[in-house]
J.: 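For reference, the structure I am asking about is given below.
Remember, it's 1-based here, ligands and their atoms both numbered in the order they're listed. All heavy atoms count here, side chains included; hydrogens, waters and symmetry mates do not.
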Amino acid sequence: MSVSIKSAREIELMREAGRLLAQVHEELGKAIEPGMSTLDVDRLGEKLIRDFGCVPNFLHYNGYPASICVSVNNEVVHGIPKKNRILKEGDIVSLDAGLIYKGYHSDAARTHAVGKISPEAQQLIDVTRQSFFEGIKMAREGAHLHDISAAIDAYVRQFGYGIVRDLVGHGIGTALHEDPQIPNFAQRRRGVRLQAGMTLAIEPMINAGGWEVNFLDDGWTVVTRDGSLSAHYENTVLVTDGEPEILTLL
Ligand code: MF3
Ligand code: CO
């Protein structure tokens, strides 16, 4: 395994890839409303990405048929957008999106409420988001990858939620998925030592119930095994010798 260290020039390009993706997410978040289909979300997301002169990196990735992953309620990640899948009041919807800017990838996810949602669903969204921020407190030069995973785990565990184990975060740069893999649960191994210039996509996927998931026959959609709700939050992050820089937040 080797983790790439980005040069100053590459970091500038990663920053721009991140900044543009943050704007895509802002616009998508504003657009989400009951009555919209998951395909409408994909169409809008792809248009926003292309209007920036960028390329959607998920489209055709290992055969994935869309630009945005749109995962509703018990769907964890990789939901395939569909014309007949209509968002309704009370749903939660996870949007995972990425783009390529001048050869550099960004990747980020948010879970949104559709209209008014239950307090339980809102708490799941909030805890998932906060677990990312707990994790990146550890993302600095000299720490180990494990420190990020353990911090996410320790925070989420207090709420009794299930941390998805079958999918992980990842390094990112000239490819969408680079080394290292970044689990969201504490591990025995300490993992690589973090260095300034590493760019990581940290992405807790958290279930209201158990951690177990199923993979549907469509080849993509991941769902909670117990049917409970699931939330996702992800940013592309630059490790520095001080505070980490979140590239996909404005
Ligand atoms: N955003 C996903 C990740 O973090 C990638 C989606 S793969 C796709 O790894 F094929 F579904 F696009
Ligand atoms: Co990712």
Side-chain angles (χ1 to χ4, degrees), residues 3-4 14 17-18 20-22 24-25 28-29 38-39 41-46 48-50 54-72 75-82 85 93-101 104-112 128-129 131-133 135-136 139 145 148-149 152 163-185 198-207 213-223 230-239 244 246-249:
V3 181
S4 65
M14 293 288 296
L20 295 173
L21 183 58
V24 169
H25 267 298
L28 288 175
T38 58
L39 187 65
V41 178
D42 177 61
R43 292 268 162 81
L44 175 59
E46 176 163 358
L48 291 164
I49 291 169
R50 294 203 189 276
C54 297
V55 175
N57 47 5
F58 296 0
L59 186 62
H60 305 143
Y61 179 88
N62 289 339
Y64 185 73
S67 298
I68 315 291
C69 298
V70 187
S71 309
V72 184
E75 295 170 354
V76 179
V77 287
H78 302 166
I80 299 176
K82 290 190 186 66
R85 184 76 197 260
V93 62
S94 299
L95 308 184
D96 192 349
L99 59 78
I100 310 171
Y101 171 78
Y104 285 81
H105 291 249
S106 54
D107 184 6
R110 314 274 183 255
T111 300
H112 296 287
T128 302
R129 179 177 182 280
S131 73
F132 164 87
F133 287 96
I136 65 157
L145 196 63
I148 299 175
S149 308
I152 293 171
I163 301 172
V164 174
R165 304 177 74 89
D166 302 66
L167 298 139
V168 297
H170 48 95
I172 181 168
T174 52
L176 173 58
H177 294 133
E178 296 185 353
D179 288 336
Q181 294 197 7
I182 311 173
N184 295 300
F185 51 90
M198 289 180 175
T199 43
L200 307 174
I202 299 171
E203 51 177 317
M205 289 151 270
I206 308 298
N207 301 342
V213 297
N214 286 337
F215 294 79
L216 297 190
D217 289 342
D218 65 13
W220 285 101
T221 315
V222 181
V223 298
S230 188
H232 187 197
Y233 189 81
E234 173 181 29
N235 283 303
T236 299
V237 173
L238 170 68
V239 177
I246 304 174
L247 302 182
T248 47
L249 270 184

J.: Determine whether V239 and P244 make a side-chain contact, defined as any pair of heavy atoms from C-beta on separated by less than 4.5 Å.
T.: no

J.: Distances under 2.8 Å only: what protein N/O/S atoms are near the Co ion (ligand 2), ordered by chain and residue?
T.: D107 OD2, H170 NE2, E203 OE2, E234 OE2

J.: Using heavy atoms and a cut-off under 4.0 Å, could you grab the residues that are in contact with ligand 1, chain by chain, numbers ascending?
T.: F58, Y61, Y64, C69, H78, D96, D107, H170, H177, E203, W220, E234

J.: Just checking, any donor-acceptor pair under 3.5 angstrom between side chains of S94 and T111?
T.: yes

J.: Over 60° means perpendicular and under 30° means parallel, so classify the ring planes of H78 and W220, tilted if in between.
T.: perpendicular

J.: Taking S230 for the side chain and I206 for the main chain, is one N or O donor matched with an acceptor at less than 3.5 Å?
T.: yes

J.: Name the residue from D218, L59, I80 that meets the side chain to side chain contact (heavy atoms under 4.5 Å, CB included) definition with P65.
T.: I80

J.: Could you list the residues that satisfy salt bridge (charged side-chain N to carboxylate O under 4.0 Å, His left out) with R50, not counting sequence neighbours?
T.: E46

J.: Quick one: do the N235 and R129 side chains pair a donor with an acceptor below 3.5 Å?
T.: no

J.: For D96, enumerate each residue passing the side chain to side chain contact (heavy atoms under 4.5 Å, CB included) test, keeping only those at least two apart in sequence or located in another chain.
T.: F58, C69, D107, A109, E203, H232, E234

J.: Are the side chain of T221 and the backbone of G79 linked by a donor-acceptor contact shorter than 3.5 Å?
T.: no

